[in-house]
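From a predicted model like this one, the values you see are computed outputs, not experimental measurements. Just so you know, ligand 1 is whichever comes first in the structure, and atom 1 is the first atom listed for that ligand.
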Amino acid sequence: MQHFQNTIRPLLTGHYNLSQEAFDWWRKLQSGYPDLNFFRNTAQKIFEIIPVLPPVVEPSPHRCRTCAVVGNSGNLRRSHYGKLIDQCDSVFRINRGQTKGFEEDVGSRTTHRVMYPESASHLDNSTHMVLFPFKGRDLEWLVNTFRTSSNAPGKHKPIANKNMVMVVHPAFMQYVHKSWLQSKGKYPSTGFMSVILALHLCDEVHVFGFGADRDGNWTHYWTKLYKIWRTGPHPGSAEYEMIEELARKGKIVLYKGF
Ligand code: C5P
């Protein structure tokens, strides 16, 4: 509870609020982004396309929303977690984490695909897109990708069902950096932010595929060669320590893999 802020809005809505301070933090992740007005204009275009209220399941005393957040760590290899993952109501997969050929270890259902343009892939009609806008261009990309595609025969198919798209609030990204990681690293990894997002959207969070593999390497589960995955601008160890702490305190269930 030291870190969790109940009042934070994790997703942009048609009626979002973005403080100058949070906007300034977000603007520093990139170079040359104009100003808050420019952001507002783009957001307006976005909400002419996607729902003004993001498609999330609201809390209810009659339902426990269970979520699996599946990172891409090599510790999923030979884990046999597939069934456990698929049992959750929602399954969040990140970037290029695929299931085909890995079902035994990572499961086969995907209800939410977390992405940004560089890691984007076409989604089927029933999968939610969760866009993490690391830069202004990511928001413009969302507008352009829908404007230049259509379901009409012979046209370039839309990247996702536009009614299933949700966009993470820049202030939420700042909150994760400040409140959960004490501003370590340049900004949090997509995976870590997805875990915190799930804490805000779900009642029970199961976390798979985070951290190093059994040999201490930060690999991906699909890489045959044991190539070291670098945590880059993200504070990889601080993130993993926080994930372990959350698990120790019973706030998430962490599956460490093999
Ligand atoms: O590599 P990629 O960013 O697509 O992986 C998705 C997320 O999975 C990362 O953002 C990171 O949080 C997590 N990950 C991890 N350990 C690895 C690989 C990925 O914790 N070895």
Side-chain angles (χ1 to χ4, degrees), residues 3 10 29 67-79 81-82 85 88 90-102 105-107 110-123 127-135 138 168 172-177 180-182 184-202 205-247 251-258:
H3 304 281
L29 301 183
C67 296
V69 182
V70 188
N72 289 333
S73 168
N75 68 28
L76 284 168
R77 276 187 296 259
R78 295 184 295 280
S79 66
Y81 285 154
I85 292 173
C88 290
S90 302
V91 179
F92 287 73
R93 296 191 194 271
I94 303 164
N95 298 334
R96 300 191 196 280
Q98 295 305 314
T99 54
K100 203 161 178 283
F102 302 98
D105 295 332
V106 310
T110 305
T111 61
H112 292 72
R113 173 68 61 177
V114 172
M115 58 165 81
Y116 48 95
E118 289 81 355
S119 70
S121 54
H122 271 78
L123 305 181
T127 305
H128 292 87
M129 178 203 282
V130 184
L131 177 73
F132 274 82
F134 286 103
K135 47 201 176 321
D138 299 352
V168 175
F172 179 80
M173 297 164 81
Q174 183 202 24
Y175 146 75
V176 176
H177 192 224
W180 288 90
L181 297 171
Q182 284 75 50
K184 289 186 195 125
K186 192 171 177 212
Y187 54 94
S189 74
T190 321
F192 185 74
M193 287 196 279
S194 304
V195 171
I196 307 300
L197 180 67
L199 276 179
H200 282 260
L201 299 182
C202 315
V205 179
H206 298 254
V207 175
F208 302 84
F210 279 77
D213 63 19
R214 64 193 304 176
D215 302 319
N217 292 329
W218 291 69
T219 52
H220 285 141
Y221 61 80
W222 58 86
T223 47
K224 288 213 174 81
L225 289 170
Y226 284 69
K227 223 175 141 193
I228 294 173
W229 182 83
R230 298 193 187 285
T231 63
H234 313 306
S237 331
E239 292 185 354
Y240 194 67
E241 277 161 26
M242 180 52 80
I243 287 175
E244 284 195 306
E245 194 182 337
L246 279 168
K251 302 298 174 196
I252 60 172
V253 187
L254 175 62
Y255 300 81
K256 291 191 167 184
F258 290 86

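- If you look at F192 next to ligand 1, the close heavy atoms, those under 4.0 Å, all belong to the backbone.
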Name each donor-acceptor pair under 3.5 Å that joins a side chain in residues 251-258 to protein atoms two or more places apart or in another chain, with its distance.
from : atom 1 : to   : atom 2 : distance (Å)
Y255 : OH     : H206 : ND1    : 2.8
K256 : NZ     : E244 : OE2    : 2.8

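- Close contacts of ligand 1 with H220, meaning ligand atoms under 4.0 Å from a residue heavy atom, involve 1 (O), 2 (P).
- Where the criterion is an N or O separation shorter than 3.5 Å, residue side chain and backbone included, N95 meets it with respect to ligand 1.
- The F210 neighbourhood of ligand 1 comprises atoms 12 (O), 13 (C), 15 (C), 20 (O), with distances under 4.0 Å to a heavy atom of that residue.
- Close N/O approach between N217 and ligand 1 is not found [any backbone or side-chain N/O within under 3.5 Å].
- For the atom pair CD1 (I196) and CG (L246), the distance works out to 5.5 Å, reported to the nearest 0.5 Å.
- Residue S189 has at least one heavy-atom neighbour below 4.0 Å for each of these atoms of ligand 1: 10 (O), 11 (C), 12 (O).
- Under the 2.5 Å SG-SG cutoff, C67 and C202 qualify as a close cysteine pair.
- Residues M193 and V168 fail the side-chain proximity criterion, which asks for heavy atoms closer than 4.5 Å.
- Backbone and side-chain nitrogen or oxygen atoms of G211 are examined, and one is located within less than 3.5 angstrom of a nitrogen or oxygen of ligand 1.
- Between Y175 and F172, the ring planes are tilted. Angles from 30° to 60° get that label.
- Below 30°, between 30° and 60°, or above 60°: for H128 and H112 the angle between ring planes is below 30°, a parallel geometry.
- Neither the backbone nor the side chain of R96 has a heavy atom within less than 4.0 Å of ligand 1.
- Residue contacts with ligand 1, taken as heavy atom pairs separated by less than 4.0 Å, involve N72 via backbone and side-chain atoms alike.
- Residues N217 and T219 have side chains that never bring a donor and an acceptor to within less than 3.5 angstrom of each other.
- Using a 4.0 Å cut-off between heavy atoms, D213 makes no contact with ligand 1 at all.
- The distance from ligand 1 to the heavy atoms of T219 drops below 4.0 Å at these ligand atoms: 17 (C), 18 (C), 21 (N).
- Checked by atom type and distance alone, the side chain of N72 pairs as donor or acceptor with a backbone atom of I94 at under 3.5 Å.
- The nearest non-hydrogen atom to atom 9 (C) of ligand 1, considering only P188, G74, G71, G191, comes from G191.
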